[in-house]
Amino acid sequence: MESYHLLTLFLTAVVLVGGAIIFSYYAAPYKPGTVKSEPYECGIPTEGPTWIQFHVGYYLFAIIYLIFDVETVFLYPWAVVMREVGLSAFIEVLIFLTILGLGLLYAWKKKALIWE
Amino acid sequence: MEETLVDIDFKEKEEYIINMGPQHPSTHGVLRFETCLQGEKVKYIIPHCGYIHRGIEKMSESLTYPQLLHLTDRMDYLSAHINNEAVALCVENAMEVEVSDRVKYIRTILAELSRIASHQLWWSAFGMDLGALTTFFYGLRDREKILDIFEETTGSRLIQSFITPGGLMADIHPNFQRRVKEFITYFRKKLPEYDQLLTGNVIFRERTMGIGYMSKEDAIDFAVTGPSGRGSGFQCDVRKIAPYSAYPFVQFNEITYTEGDTYHRYLVRMKEMWESLNILEQLVDNIPQGEIMLNLKAIKAPKGEYYQRVETARGELGVYIVSDGAPSPARIKYRSPNFSNLFIINKISANHKIADLVAISGSLDLVIPDIDR
Amino acid sequence: MTREELTAFVLEQVPDMKAGTNKQFPECIVNAEQINPLAKALKENAITKMDYLFCETAADRKDGFHMVYHLTSSVHKHNLMLKVILTDKVNPSIPTVSDVWHAAEFYEREIFDLFGIRFENHPNLKRIFLEDDWIGYPLRKDYKDDFILER
Amino acid sequence: MYDFSPFIDSINSFFTSNFSPFWASVLLMLLLGVAILAFYAVLGLYLVYAERKICARMQNRIGPNRVGPLGLFQTIADLIKLLLKELIYIRNADGFLFNIAPFIVIVASIMAIGSIPFAKGLQAIDLNIGVLYILAISSMGVIGVLIAGWASNSKYSVIGAMRSGAQVISYELSVGLSLLCMIVFAGSMQLSDIITSQQDGWWLFKGHIPAFIAFVIYLIAGTAETNRGPFDLAEAESELTAGFHTEYSGIKFAFFFLAEYMNMFIIAAVATTIFLGGWLPFHIYNFTAFNTVMDYIPPVFWFFGKTAFIIYVMMWFKWTFPRLRIDQLLALEWKYLLPINLLNLVLISFLTLMKWHF
């Protein structure tokens with residue numbers, strides 16, 4: 001039974017959003033205009049393209065995040081069995097976290113964590 | 001291959017221009033900052049003003065002195081009393097008459113009350129600029145008390161036109177002194193609350209300390225006056241340099257800091273509210289008896305040129321009148337504090353984040369109608 | 001410095017200076033081409049040190065445009081008023097002082113906008129309040145447009 | 001007492017005995033959908049109402065008080081207004097992505113809510129990897145925000161989206177790691193199991209100081225992950241006017257607004273489940289009389305009471321603190337929370353190894 005529930009939840013969400021938008025589409029007025037459909041920039045027409053190559057700072061954090069997130073995913077199975085396995089699991093994770101910490105330290109020293 | 005190279009070249013030169021204003025929550029009025037960004041960093045800012053330029057100076061040339069007084073309220077509407085006082089003093093000096101001490105005292109009390117009210121509104125809006133929304137309601141709650149006092153005596157809350165050349169429009173309301181004293185005790189208790197909410201906050205300090213540094217030389221060079229200039233150590237308080245009205249009779253300190261960052265511009269205004277309360281306390285009990293309006297045949301400046309400086313809540317306001325002896329001035333110039341304070345923003349906020357730009361422009365306390373006039 | 005000393009200092013720099021009649025500030029009337037060197041001298045000389053230009057404006061008078069500079073010193077606290085009379089009422093022009101005081105850059109843009117006085121060597125002489133295609137200079141006495149009401 | 005599983009089972013058996021297997025599952029799905037929808041709508045509307053009332057209290061105001069008694073129907077009136085507002089079409093916007101963004105944020109929040117145990121047995125899905133599931137699903141919401149900001153073709157929106165991306169992925173780590181600490185204690189990722197493991201005391205109290213540290217980190221990171229003040233950089237109204245949803249109008253905007261409140265609820269509900277014993281009542285060790293009285297309060301009340309408390313704390317943050325700047329925000333995560341969290345994890349696994357927790 002439960003496997004259907006995930007699908008149900010997904011469908012519920014889609015029906016909620018879709019239904020409301022479709023209702024609004026028919027119920028609400030629709031009067032587009034050239035000025036109205038301009039993107040908002042404090043009443044001044046936008047100059048230059050919006051979709052440009054964005055600043056590298058954002059991507060740098062995304063890359064560091066990617067590394068750390070993959071590492072934390074490895075930790076989940078460990079966390080579940082930690083109590084049963086005991087000492088060996090603790091020592092293993094200690095080594096793992098040390099390497100992870102060193103990685104963070106490296107990124108820190110390389111000034112990857114400083115926002116430009 | 002060549003094409004892509006050209007493309008990359010073009011991309012690097014391309015500037016990401018964002019318009020802060022005229023319809024933007026952080027500019028508190030219709031001012032436009034054309035901001036060039038690199039990521040989140042501000043490369044340069046070009047301020048554009050004039051969205052509400054009404055030509056007050058041109059209009060004044062065809063109005064008599066008592067009439068043009070009402071236009072001055074509409075410049076810096078947050079210190080309307082002080083603007084009125086500037087014109088009144090200028091005309092009185094030109095006519096070589098002197099108002100009674102009673103008028104001087106009342107003018108000074110009204111001016112200091114409007115200074116507090118203005119700083120309260122600034123404090124509220126500055127908190128909002130930084131994202132602390134609750135400050136707005138705290139500041140406005142206390143500002144109401146002052147506006148109530150104004151309303152009782154002058155009949156209106158924001159633009160009063162109460163101080164005229166030759167005296168005052170009317171005498172003070174019988175409740176005036178009692179309510180001012182009540183306000184002093186009330187606000188002395190509330191000011192520490194302001195500090196608890198914002199000044200002591202770690203995030204607030206991180207956001208403002210060391211941000212938007214303005215050196216004393218820059219402040220003088222760009223003619224940045226008022227609390228913004230005093231935050232950099234520029235001793236520009238006209239109340240001290242060229243005392244007018246009842247300021248020679250009172251003891252008060254000119255608050256200056258030498259650090260010149262956003263945090264110290266903030267502190268100057270917070271301390272000034274305490275000083276204003278002290279001035280009010282010294283004056284309110286000692287209002288002497290006297291005439292509230294001089295008996296003048298006609299209010300007009302004799303032929304000549306006259307200049308009067310006063311200290312508004314934002315800095316030095318100058319009124320320059322060129323008169324031919326006619327009932328209306330040949331030329332009247334308002335040297336408005338905000339106009340001079342605005343243009344330093346490019347210098348002090350370059351290489352800061354876009355969030356800092358909002359904090360810095362908030363700390364300069366700009367009132368746009370005063371820039372545009 | 002007193003009133004007399006200041007006037008004497010200006011006279012030393014600009015021999016053909018005329019003293020004005022203003023009672024409030026010492027007033028010196030100089031020629032247009034002398035204003036920039038005089039401003040530099042007033043600012044840089046240690047005894048005057050006029051580092052704070054608190055007002056710069058113009059007025060349309062019968063004998064021409066009066067350019068008025070109100071100066072003060074943040075150290076010595078003495079004031080001085082300089083005046084330049086520009087007799088050309090159609091295309092007035094005067095050297096800029098924005099290289100001496102930064103604040104002047106924006107005062108001069110305002111004066112250019114409203115009076116049409118050209119400032120030579122100004123870094124960015126554009127209209128500041130009015131639109132770029134505005135015709136005429138509103139604060140001149142002979143300015144006319146359709147919206148002015150005759151009294 | 002107050003076990004909901006027989007009740008749920010009876011509904012199940014009623015449908016399976018009266019209908020063919022296909023129709024039974026369809027009707028059950030329908031029932032669940034309607035139940036979730038009703039719950040979601042009511043919760044969303046009243047969270048908005050609660051925030052308005054609470055912030056009004058903090059700002060010396062009254063708050064909504066005209067529509068219905070105490071303004072209780074104010075948000076419903078707002079919903080109707082938003083439904084009838086024009087959906088403004090933005091020229092040059094990426095139409096497909098622009099429209100798909102509200103779907104993503106709402107799907108993420110509804111699917112996460114489904115796995116939260118409100119009481120024993122009252123849970124739509126009880127996965128054995130519940131914590132991981134919630135983390136995975138709720139982090140999907142940021143994709144919606146990113147798409148919304150990017151597709152709008154407005155400069156404010158793009159900056160807002162970029163900020164939101166950098167912020168949410170950073171704080172994702174801290175949320176994950178602080179929950180991981182509790183998984184080490186509980187030895188399971190199934191939410192119902194974690195609650196059962198707290199029968200004799202909540203992990204916040206059982207886990208000594210490390211659990212408390214993890215709880216504080218979770219609260220900070222959770223607030224940041226929902227893009228709420230003082231971490232509301234993605235919308236930062238004084239800088240970016242409205243950030244990523246500047247260009248959205250009418251009901252599409254309402255969904256972003258709603259998703260923010262529902263994400264706040266999810267963060268609070270997960271904190272309740274993992275740190276504060278979920279629907280379990282508050283017990284004091286060996287104080288039987290008190291414990292019996294506490295047991296009589298239904299678990300649903302316990303759950304919502306604790307959740308409401310955490311939501312209140314999060315609202316309190318928002319209405320008192322100024323906003324952080326983006327570099328400060330990222331420094332807080334990478335230079336403070338993450339190293340503390342890693343050390344805390346070692347400490348907790350050591351505690352577990354020595355069996356020093358209760």
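The sequence lines fix the lettering, A, B, ..., with proteins before strands; numbering per chain opens at 1.
Interface remark: of the candidates A/Tyr26, A/Tyr25, A/Phe68, A/Phe68 forms the most heavy-atom pairs closer than 4.5 Å to chain D. Each of D/Asn153, D/Ile106, D/Leu82 has some count of heavy-atom pairs under 4.5 Å with chain A, and the biggest count is that of D/Asn153. In terms of heavy-atom pairs under 4.5 angstrom with chain D, the leader among A/Trp108, A/Phe10, A/Trp78, A/Tyr30 is A/Trp108. Chain D forms the most heavy-atom pairs under 4.5 Å with one residue out of A/Pro32, A/Gly18, A/Ala28, A/Gly101, and that residue is A/Ala28. The greatest number of non-hydrogen atom pairs below 4.5 Å with chain D, out of A/Leu105, A/Leu94, A/Leu75, A/Val81, is found for A/Leu75. Annotation: maximal heavy-atom pairing with chain A below 4.5 Å, among D/Val107, D/Ile251, D/Leu258, D/Leu83, occurs at D/Leu83. No other option in D/Leu32, D/Ile113, D/Leu342, D/Leu30 has as many heavy-atom pairs under 4.5 Å with chain A as D/Leu32. With respect to chain A, the highest number of heavy-atom pairs below 4.5 Å among D/Met111, D/Arg163, D/Glu172, D/Glu333 belongs to D/Met111.
Only the backbone of D/Ala151 comes within contact range of chain A, with at least one heavy atom under 4.5 Å from a heavy atom of that chain. Using a 4.5 Å cut-off between heavy atoms, D/Ala254 does not touch chain A at all. Residue contact with chain A, scored on non-hydrogen atoms closer than 4.5 Å, involves the side chain of D/Thr246 exclusively. Contact of D/Ile88 with chain A is made through the side chain alone, with heavy-atom distances under 4.5 Å. Contact of D/Leu135 with chain A is made through the side chain alone, with heavy-atom distances under 4.5 Å. Using a 4.5 Å cut-off between heavy atoms, A/Ile21 touches chain D through backbone and side chain atoms alike. Residue contact with chain A, scored on non-hydrogen atoms closer than 4.5 Å, involves the backbone and the side chain of D/Glu86 alike. In this structure, chain A has heavy atoms under 4.5 Å from both the backbone and the side chain of D/Ile169. Contacts between D/Lys252 and chain A at a heavy-atom distance below 4.5 Å involve the side chain alone, from C-beta outward. For chain D, the nearby part of A/Leu97 is the side chain; its heavy atoms alone come within less than 4.5 Å. If you measure heavy-atom distances from D/Tyr133 to chain A, the contacts under 4.5 Å come from the side chain alone.
Side-chain atoms of D/Asn341 and D/Cys181, non-hydrogen and from C-beta on, do get closer than 4.5 Å to each other.
The ring of D/Phe103 has its center no closer than 6.0 angstrom to the ring center of D/Phe255.
Partner of D/Phe244 under the ring pair (Phe, Tyr, Trp, His ring centres under 6.0 Å) criterion, chosen from D/Phe257, D/Phe256, D/Tyr156: D/Phe256.
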